[in-house]
Amino acid sequence: MVTCPRCHTGNLLDSEFCRKCGAGVPEEARTAARGRQSETLVEADRLLAAGDADAALALAVGTLDTDPDSPRALTLAMEAHLKRGEKALALTYADRLVELFPDSELDRLRRDYLRESLERGSSLPDAAQRRYAIVAGLSATVFLAGVGYFLTAATRVPAPAAGSPP
């Protein structure tokens, strides 16, 4: 956010004039605000990588308040919503990215995946679901092997002793 030097109103990063009083916003103030925004997004990226999607989302959305077309903030907000399991909200940010960058194949693929995933009503299993499936599969395998062993042992006919008539 760029603060007007005359009335102290917050303005968008690309504002050359204050939206309230019309005073010119100095280029130095806009440059300093962009630097603060970049630091904020680096911190949001770090938080997201550390697993704190809520804090990362708050920083990304705060950035979008002052720079609604920031591709980095839009991407971070989308990824944070995905980590929180909120695909529909993530899709809104993916749609905005495609709107801003229609030539970006990656943004279109990501948006299309989210749309298809929401339409199917399914999602890729998370790590806990995969572990559960692996444990269940192994348990079933061990159980069936045990049942098979006991069934063959129970139906096995003892071999005749040496020297006895067949």
Heavy-atom pair of closest approach, residues [X] and [Y]:
X	Y	answer
P26	P5	CD-CG, 3.9 Å
L57	A80	CB-CB, 3.8 Å
G24	F17	CA-CD2, 3.8 Å
P68	R96	O-NE, 4.3 Å
R108	P102	NE-O, 3.1 Å
A73	A60	O-CB, 3.7 Å

Decide yes or no on side chain to side chain contact (heavy atoms under 4.5 Å, CB included) for R110 and M78, but give the supporting numbers first.
CA-CA 10 Å; R110 199 172 5 199; M78 178 187 63; 3.1 Å; yes

To the nearest 0.5 Å, tell me how far [X] [atom1] sits from [Y] [atom2].
X	Y	atom1	atom2	result
D67	L41	CG	CG	8.5 Å
L76	T40	CG	OG1	11.0 Å
D69	L74	CG	CG	7.0 Å
L91	H81	CG	NE2	11.5 Å

Walk me through it: do T75 and S70 pass the test side chain to side chain contact (heavy atoms under 4.5 Å, CB included)?
CA-CA 9 Å; T75 301; S70 168; over 6 Å; no

Qualifying salt bridge (Lys or Arg N to Asp or Glu O under 4.0 Å) pairs with a residue from [range], counting only residues at least two apart or across chains:
range	answer
residues 25-37	E27-R30, E27-R34
residues 137-149	none
residues 49-64	D54-R84

Under 4.5 Å between side-chain heavy atoms, counting indirect links through other Ile/Leu/Val/Met/Phe/Trp/Tyr residues: same cluster for L82 and L64 or not?
yes

Please identify each residue that fulfils side chain to side chain contact (heavy atoms under 4.5 Å, CB included) with [X], with sequence neighbours left out.
X	value
E43	R46, L47, L59
L109	E105
P71	L97, F101

Mind checking side-chain hydrogen bond (donor to acceptor under 3.5 Å, both in side chains) for [X] and listing every partner two or more places apart, or none if nothing turns up?
X	result
E79	none
D95	R115
R111	none

From CA spacing to verdict: side chain to side chain contact (heavy atoms under 4.5 Å, CB included), C18, R6:
CA-CA 9 Å; C18 176; R6 188 161 78 185; over 6 Å; no

Does any pair with a residue in residues 136-154 pass side-chain hydrogen bond (donor to acceptor under 3.5 Å, both in side chains), and if so which ones, sequence neighbours excluded?
none

Keeping to residues at least two apart or across chains, list the side-chain hydrogen bond (donor to acceptor under 3.5 Å, both in side chains) pairs with something in residues 7-24.
none

Mind running side chain to side chain contact (heavy atoms under 4.5 Å, CB included) on V61 and Y93 for me, showing each step along the way?
CA-CA 11 Å; V61 169; Y93 292 101; 3.8 Å; yes

Tracing side-chain links under 4.5 Å among I, L, V, M, F, W and Y, which residues wind up in one group with V2?
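Traced through the cluster, V2 reaches L13, V25.
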
Check ion pair R72-D45 (N to O, under 4.0 angstrom):
no

